[in-house]
Amino acid sequence: SSAFDKYCAWVTAGDQSTAEKVSTALKENMGEEIACLVTVMPNLANILGDDFNLNQSSKNDDTAVDAQKRLRYLFCQFVDVISRCHEEPLILFLDDCQWIDNASVALLNQILMISGSAIRDHRFFFFGACRDDEMSESHPLNSMLTSMNCFGTKTTKIQLTSMSKGALNEMVSTELSLLPRITRSLANILHHKTKGSPLFVKQVMMELYKQRLLYPSLSRRRWVWETNKILDMKIPDNVATFITNTFDRLSFEVVSALVVLSCFGASADISLIEVLEREIEQPLIAPLDDAVAHSVLGKRNGKLYFMHDKLQEAAYSKMKPEERCLHHNRYGLALGFVAVRERDDRLLLTAVTQINHGGPQAVIDDEQAVVVANLNLDAGKKAMNMSDFFAAHSFFEHGISYLRLRREHWNEHYDLSLELFNLASKCAFMNAEHDSLKMLTDQIMHNAKCFEDKFQAISVTVTLLNWSGNVPAAVELIRTTLSSLDEELPSAVTPTVVKKHLDNTKKQLALLSDDTLLSYLTMVNPSKLFAVELLVELYGSLTLIGERATLRIIPLKVIQISLTYGMSPHSPTAFAQYGSYLALIEDEFEEGYRYVKFALSLMKKLPSRAHDGSTLFWSTHTRIHIEPMQSSIECYLDAYKA
């Protein structure tokens, strides 16, 4: 998502007409749904403009599964739209793909597989660079490329090797602005010492310049070099050793700043380093600029980055292993307090990642452990909002690890423990980490203080049982839980039982007009909301095993609960199913059509949009028998889009 966020920043900073063209295309093709992407691409808000309602995304209360599917679908739409807004093809380039995470691979795979016209019309290309010697056959990227080839998406693998003498001479000739015949002797020496590695050649040439073995001659008006001295120059066999020797010429202050930078990986934003410099009161920016002058670091697009991984490793190794956790903890806490104070989500994720590198062993007391656990909770929620469930799960698990420093954390910090375990279980389910999921839900079921606090653990377990094919166990768990919630279903559903439930529902509804029903308050009772959710889950489970008799009373049960406790997000679908049943099974078309139309009105009134597709789908079953065919087809299309 960061690459697409940079694209949005580029569009905003460029030609105004292009920005307006992209903005118009996105609004016309994606509508209000585009607001959902602003969370993961903040610069998109600048393209959409101040007049666009960015609060639309808050109306979606999707489940974790639906939220992830929706985000990936919207990304594919986004790529398809923007690729048609430019004359040139859209190119996504990702470097160091050997370190790519699972969430990025999953998103990239979906974009490449289903981005429609963007791929077919050669309007979108993906280029990735990686070190294949650091990637096994089971690496997520290799698995993705294999899968894409099987589905007919064309991929090309380019193996980069060391430069030949001729290619190296051409590069040196271009760099020094001299004819190839003049630079050939220097190029041959460089090829012998570097084996043609482009990075090695670059580093050696920079070193030759620093040692005045390669320099511009005013008298000859061109670059000249000391051939014999270069031949005698001792150079290690590999580039990593060569460039790490650079540290020997740096001052203590510069090395200390590099050590701090190395804690953040291969690169870091300059703005982040400026904040850290202020918080820990240690000179960083000026020493790091000195490191840039010595070619240890590079500086580009607001970032400082190590010129080679080995340089970052060399800087990191300057810390004693037992002290590293303390440094990570110190820098993370310093940034974390700033992130909370300034409500900077991006800084929060970076800060908490730093703290977690330090781990529980760096925590000084119980109070700090609770602070860090809360920071992990906030960071995990931010990651979930971006549908990055792998990162979110890591944050929640780390939060739990800090709480476990106290054996009595369920008693002393019950609410924090419950929320961390609940969210961690949701992420474990999304990531198919079933062993972790079972451990988390077992802990919740064992330590929950009331039945209501077990709701999410039960819900996740039911879904997992259904998805794993153990539907009878899921049905049994739902029935048991409904009984505990005083919403027990009949064990044997006969036609007589169905007729009794139908007659009771008709009798209740006969006294209520559509306007009265629309004026009902929203359901707020947690137990009844969960009961409705379980009934809907049961409907899906029974559909899988073909138990049709019970299916008929589930919508009636949802309606009866809604009439007593208020309308839930699932109520519109239940009324649509009820209307379809009246029209298509009981031949009461007029009454059935009435409740279908009411279901659509209720759907529009409720703030939730998560179940619109189901409501539209069931409503159209009846509408197709009454309304013109064309309008019904459009309704099915609306259901698909929802």
Side-chain angles (χ1 to χ4, degrees), residues 96 131-134 159-220 222-259 261-262 266-267 287-299 304-321:
D96 290 322
R131 300 174 192 164
D132 56 358
D133 59 338
E134 297 183 19
Q159 189 78 32
L160 296 180
T161 58
S162 297
M163 292 187 294
S164 64
K165 287 184 178 180
L168 196 154
N169 186 36
E170 186 176 342
M171 185 186 86
V172 174
S173 171
T174 301
E175 287 293 315
L176 302 182
S177 299
L178 294 172
L179 293 173
R181 62 179 176 80
I182 298 176
T183 59
R184 186 169 290 111
S185 61
L186 176 61
N188 288 340
I189 297 172
L190 291 172
H191 190 274
H192 173 72
K193 289 185 175 292
T194 65
K195 305 300 187 292
S197 167
L199 177 60
F200 206 168
V201 171
K202 178 182 177 183
Q203 294 293 326
V204 170
M205 289 185 70
M206 292 171 64
E207 186 63 24
L208 293 178
Y209 174 73
K210 291 175 184 176
Q211 296 188 26
R212 297 292 294 169
L213 300 180
L214 173 64
Y215 56 91
S217 171
L218 296 179
S219 60
R220 301 180 66 177
R222 70 173 180 84
W223 288 88
V224 296
W225 49 90
E226 302 289 343
T227 303
N228 292 331
K229 291 182 179 180
I230 296 174
L231 283 169
D232 294 337
M233 184 179 177
K234 292 184 178 180
I235 296 177
D237 292 334
N238 61 77
V239 63
T241 305
F242 178 77
I243 59 181
T244 52
N245 289 341
T246 307
F247 274 63
D248 297 336
R249 298 192 298 273
L250 300 176
S251 68
F252 174 79
E253 188 178 56
V254 173
V255 173
S256 297
L258 287 170
V259 169
L261 181 65
S262 71
S267 66
L288 293 177
D289 283 338
D290 194 12
V292 172
H294 282 83
S295 302
V296 176
L297 299 179
K299 192 175 185 179
L304 286 166
Y305 58 92
F306 285 94
M307 297 296 289
H308 194 276
D309 299 341
K310 294 298 181 181
L311 283 171
Q312 188 259 336
E313 292 175 10
Y316 194 71
S317 66
K318 295 290 183 181
M319 293 183 288
K320 294 179 181 179

Show me the donor-acceptor pairs, under 3.5 Å and distance only, between side chains in residues 170-184 and residues at least two apart or in other chains.
| from | atom 1 | to | atom 2 | distance (Å) |
| --- | --- | --- | --- | --- |
| Ser173 | OG | Leu178 | O | 2.4 |
| Thr174 | OG1 | Glu170 | O | 2.9 |
| Thr183 | OG1 | Asn169 | OD1 | 2.6 |
| Thr183 | OG1 | Pro180 | O | 3.3 |

Between atom CG of Leu288 and atom NZ of Lys299, what is the distance when rounded to the nearest 0.5 Å?
-> 9.0 Å
Report the residues that fulfil ring pair (Phe, Tyr, Trp, His ring centres under 6.0 Å) with Tyr316, sequence neighbours left out, ordered by chain and then residue number.
-> His328
Reported OG-to-CG distance for the pair Ser256 and Leu250, which is rounded to 0.5 angstrom = 11.0 Å
Verify side chain to side chain contact (heavy atoms under 4.5 Å, CB included) between Phe306 and Leu258, making sure each step is shown before the conclusion.
-> CA-CA 9 Å; Phe306 285 94; Leu258 287 170; 3.9 Å; yes
Shortest non-hydrogen contact between Asp290 and Val254, atoms and distance | OD2-CG2, 3.4 Å
Atom OH of Tyr305 and atom CD of Gln312: how far apart are they, to the nearest 0.5 Å?
-> 15.0 Å
Spacing of Met319 atom CE and Ser262 atom OG [to the nearest 0.5 Å] | 4.5 Å
Interatomic spacing from CD1 in Ile189 to OG1 in Thr227 - rounded to 0.5 Å = 5.0 Å
Is a side-chain N or O of His191 found less than 3.5 angstrom from the main chain of Met163, in a donor-acceptor match?
-> yes
When you look at Met233 and Gln211, which way does the side chain to side chain contact (heavy atoms under 4.5 Å, CB included) test go after all the steps?
-> CA-CA 11 Å; Met233 184 179 177; Gln211 296 188 26; 3.8 Å; yes
Quick one: CG on Asp232 to NZ on Lys234, what's the gap to the nearest 0.5 Å?
-> 10.0 Å
Evaluate side chain to side chain contact (heavy atoms under 4.5 Å, CB included) for Trp225 paired with Leu208, printing each intermediate quantity in order.
-> CA-CA 9 Å; Trp225 49 90; Leu208 293 178; over 6 Å; no
Apply side chain to side chain contact (heavy atoms under 4.5 Å, CB included) to the pair Met307 and Met206, showing each step before the final yes or no.
-> CA-CA 13 Å; Met307 297 296 289; Met206 292 171 64; 5.7 Å; no
Any donor-acceptor N/O pair, Lys193 side chain to Val204 backbone, under 3.5 Å | no
For Ile230 against Leu213, the heavy-atom pair lying closest together | CD1-O, 3.9 Å
Does NZ belonging to Lys210 count more than 12 external heavy atoms closer than 6.0 Å?
-> yes
